[in-house]
**Q** 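First the structure, which I've put down as structure tokens, then a few questions once you've had a look.
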Number of protein chains: 2
Amino acid sequence: MTTPSRQSTKQRPATVRAKLLAVTERLIYTGGIHATGMDRIVRESGVARKSIYRYFPTKEALVAEALRERDERWMNWFVSACETAPPGPPRLRAIFEALADWFSQDDFNGCAFINAAGEVAAGPVHDVARAHKRRLRDYLCSVLAECGVTDAATAAADLLILVDGAIISARVGGDSRAAQRAARMAHQLVRDQNVSSTTGDSL
Amino acid sequence: MTTPSRQSTKQRPATVRAKLLAVTERLIYTGGIHATGMDRIVRESGVARKSIYRYFPTKEALVAEALRERDERWMNWFVSACETAPPGPPRLRAIFEALADWFSQDDFNGCAFINAAGEVAAGPVHDVARAHKRRLRDYLCSVLAECGVTDAATAAADLLILVDGAIISARVGGDSRAAQRAARMAHQLVRDQNVSSTTGDSL
DNA sequence: GACGGAGTAGAATGATCGTTCTACTCTCTT
DNA sequence: AAGAGAGTAGAACGATCATTCTACTCCGTC
């Protein structure tokens, strides 16, 4: 009697979790973790508070899972963008073309995992960020191996520095050519690796 | 009569602002901006709330000023660490030796400005972060010029990518050799710049 | 057709947020 | 000597925080 004619706003159970995670991912990427309150997540996802806490024990767990999903989605996008190019040097170039596209998007706000790791010192969120960077490095390693790079593992760690550095320069420094700069250095990297395999002295 | 014998806990006016900024800088570097409440700043600095709001209109202004001071201190440390080495390639090496030292410190928590920029989307805090990266790039440019690099400005933007990338790999990825990797790439960078000044095709 | 699980709406909790205010004390200046 | 300015301590404000709870509705299944 208190609510005479309630509309049927109830969502299908299967969609609740998905929408919850999608909205959470978007909000924390746009505004940061701490700045995103549960009220906002409730309002924009249309999922009731009670339902959220049925799926996730705490906000931290929700955020960690949303980031894990972003890891999945971002890596899928990145890999498929790179694999439009054939293996070898063209695919290496495609890495930075994909980054350049990403940087120029309107809603580009840096790397969600770098941002998250900068906001929380330790805990599951930081672990997800570290896992993402490891997965990215592993993929870079496979691309470098296709280029015939000796010691692709080492070169992948180098390449990851170039990728992350480009992200920071694009986001914080506003460098619109960051991806191109990183691409040029990556080119030098694989060229040197192929020409002379091991020159003992570093720098 | 309500406070019969209050101890003389009053600080010298000159020291209040300095201590306030020092404590704020430390807290936001360690725990992030949003996670650091004014209560904590009050407690750890010993500065009364009223006094804080005499110096700064809002928390945001306090944080921005604390970051501006960190910019000053960090750059002074960095430049003086680099200038223990003579100009030219040795000083370029010293850049990454300084970074390696920094990364291995117990309280290393990444770059305060990258962290801050990742936490807030826009506003004065983000501006301070961008200004810091510009100042760092300008110094890198001067070091590269001393190395005889043609187009030091472009190379400085490249070098900044290496520096920031190394910071991220060290902090997020836990790569303990990030500084050494970046140093090797920086070496390749200046070598290529010096040998062949302009090869038209990029990558 | 009744029941239980999972959904919604939204009030309520206690804590903490940034900010303001009152009351008092110290110190310098005139 | 007195007053002004700047400090401290800490209560108080309203807003918002994450989390819990009550009350109700839908839907699939015995």
Side-chain angles (χ1 to χ4, degrees), chain A residues 1-24 27-28 30-67 116 119-120 123-125, chain B residues 1-24 27-28 30-67 116 119-120 123-125:
Chain A
M1 199 59 78
T2 51
T3 54
S5 63
R6 179 91 55 88
Q7 301 263 45
S8 172
T9 53
K10 186 173 179 180
Q11 306 182 63
R12 299 275 316 286
T15 71
V16 170
R17 196 173 186 273
K19 186 179 291 187
L20 178 58
L21 286 172
V23 168
T24 301
L27 288 178
I28 66 180
T30 314
I33 296 174
H34 283 111
T36 301
M38 294 297 281
D39 292 21
R40 190 94 187 278
I41 295 175
V42 166
R43 200 184 324 127
E44 300 211 13
S45 69
V47 175
R49 283 176 155 72
K50 189 87 186 255
S51 301
I52 296 178
Y53 284 95
R54 182 189 328 284
Y55 286 109
F56 303 99
T58 62
K59 180 194 177 187
E60 185 181 37
L62 167 64
V63 167
E65 186 59 29
L67 283 173
E119 208 169 341
V120 302
V125 169
Chain B
M1 198 59 80
T2 51
T3 54
S5 62
R6 181 92 55 87
Q7 299 263 43
S8 172
T9 54
K10 185 172 179 179
Q11 306 181 63
R12 297 277 315 285
T15 71
V16 170
R17 196 173 188 273
K19 186 180 289 188
L20 178 58
L21 286 171
V23 168
T24 302
L27 288 178
I28 66 179
T30 313
I33 296 174
H34 284 111
T36 302
M38 295 295 281
D39 293 20
R40 190 93 187 278
I41 295 175
V42 166
R43 199 183 327 127
E44 300 210 13
S45 69
V47 175
R49 283 176 155 71
K50 189 87 187 256
S51 300
I52 295 178
Y53 285 95
R54 183 189 328 282
Y55 287 108
F56 303 100
T58 61
K59 181 195 176 186
E60 186 181 38
L62 166 65
V63 167
E65 186 60 28
L67 283 172
E119 210 169 341
V120 301
V125 169

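All values below come from the heavy atoms of this structure, side chains included, with hydrogens, waters and symmetry mates left out. Here the structure is a predicted model, which means the values were calculated and not measured. Chain letters run A, B, ... following the sequence lines, proteins first and then strands; every chain starts at 1.
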**Q** Which sits closer to the 5' end of DNA chain C, Lys50(B) or Lys59(B), going by the nucleotide each is nearest to?
**A**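 Whichever sits nearer the 5' end wins; that is Lys59(B).
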**Q** Check the distance between dC17(D)'s C1' and Glu60(A)'s CD and give it to me in whole angstrom.
**A**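 Spelled out: CD on Glu60(A) to C1' on dC17(D) is 15 Å.
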**Q** Report yes if the side chains of Ile41(A) and Leu62(A) come closer than 4.5 Å at any heavy-atom pair, otherwise no.
**A**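 The answer is yes, as the side chains (C-beta and beyond) meet within the 4.5 Å cut-off.
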**Q** Does the side chain of Glu44(B) come within less than 4.5 Å of Lys19(B)'s, by heavy atoms?
**A**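 Not touching, per the 4.5 Å side-chain cut-off.
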**Q** Using heavy-atom distances to pick each residue's nearest nucleotide on DNA chain D, tell me which of Ala35(A) and Pro57(A) is more 5'.
**A**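 Result: Ala35(A).
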**Q** On the nucleotide dG18(C), are OP1 or OP2 found under 4.0 Å from the side-chain N or O atoms that Thr58(B) carries?
**A**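 Checking dG18(C) against Thr58(B), no side-chain N or O comes under 4.0 Å of OP1 or OP2.
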**Q** Determine: side-chain N/O of Tyr55(A) to OP1/OP2 of dG7(C), distance under 4.0 Å, yes or no.
**A**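 Answer is yes, contact under 4.0 Å.
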**Q** Rounded to the Å, how far apart are Arg40(B) CZ and dA15(C) P?
**A**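 Answer to the nearest Å: 19 Å.
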**Q** Quick one: does Val120(A)'s side chain get under 4.5 Å of His34(A)'s, heavy atoms only?
**A**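 Side chain of Val120(A) against side chain of His34(A), heavy atoms only: contact under 4.5 Å found.
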**Q** Do Thr58(A) and Val63(A) have side chains that approach each other closer than 4.5 Å (heavy atoms only, starting at C-beta)?
**A**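 No, side chains not in contact.
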**Q** Send over the distance from Tyr53(A) OH to dG7(C) P, rounded to a whole Å.
**A**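 Rounding to the nearest Å, OH of Tyr53(A) and P of dG7(C) are 16 Å apart.
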**Q** From dT8(D), dG7(C), dA9(C), pick the nucleotide closest to the side chain of Ala48(A)?
**A**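 Nearest to the side chain of Ala48(A) among the choices is dA9(C).
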**Q** Side chain of Asp39(B) only, heavy atoms from C-beta on: which candidate in dT8(C), dC17(C), dA6(D) is closest?
**A**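 Comparing dT8(C), dC17(C), dA6(D) against the side chain of Asp39(B), the answer is dC17(C).
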**Q** Heavy atoms under 4.0 Å, any strand shown: does Ser45(A) hit a base, just sugar-phosphate, or nothing?
**A**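 Contact class for Ser45(A): none.
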**Q** Can you tell me how far P of dA9(C) sits from CZ of Arg54(A), to the nearest Å?
**A**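 Taking CZ of Arg54(A) and P of dA9(C), I get 14 Å after rounding.
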**Q** Without decimals, in angstroms, what is the distance between Ile28(B) CD1 and dC17(C) C1'?
**A**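 Atom-to-atom, Ile28(B) to dC17(C), this comes out as 17 Å.
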**Q** Between atom CE in Met38(B) and atom P in dG10(D), what is the gap in whole Å?
**A**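 Result: 17 Å.
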**Q** Starting at NZ of Lys19(B) and ending at C1' of dG7(D), how long is that distance when rounded to a whole Å?
**A**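 Computing the Lys19(B):NZ to dG7(D):C1' distance gives 13 Å.
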**Q** Decide yes or no for Asp39(B) and Arg49(B): does some side-chain heavy atom of the first lie under 4.5 Å from some side-chain heavy atom of the second?
**A**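 Side chain of Asp39(B) against side chain of Arg49(B), heavy atoms only: contact under 4.5 Å found.
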**Q** How many Å lie between CZ on Arg17(B) and P on dA6(D), as a whole number?
**A**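 After rounding, the gap between these two atoms is 14 Å.
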**Q** State which of dG7(C), dG18(C), dT8(D) makes the closest approach to the side chain of Ser51(A).
**A**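 The nucleotide sitting nearest to the side chain is dG7(C).
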**Q** Taking N and O atoms by type only, does the side chain of Arg49(A) place a donor or acceptor under 3.5 Å from a partner on the base of dT8(C)?
**A**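 No, no donor-acceptor pair under 3.5 Å.
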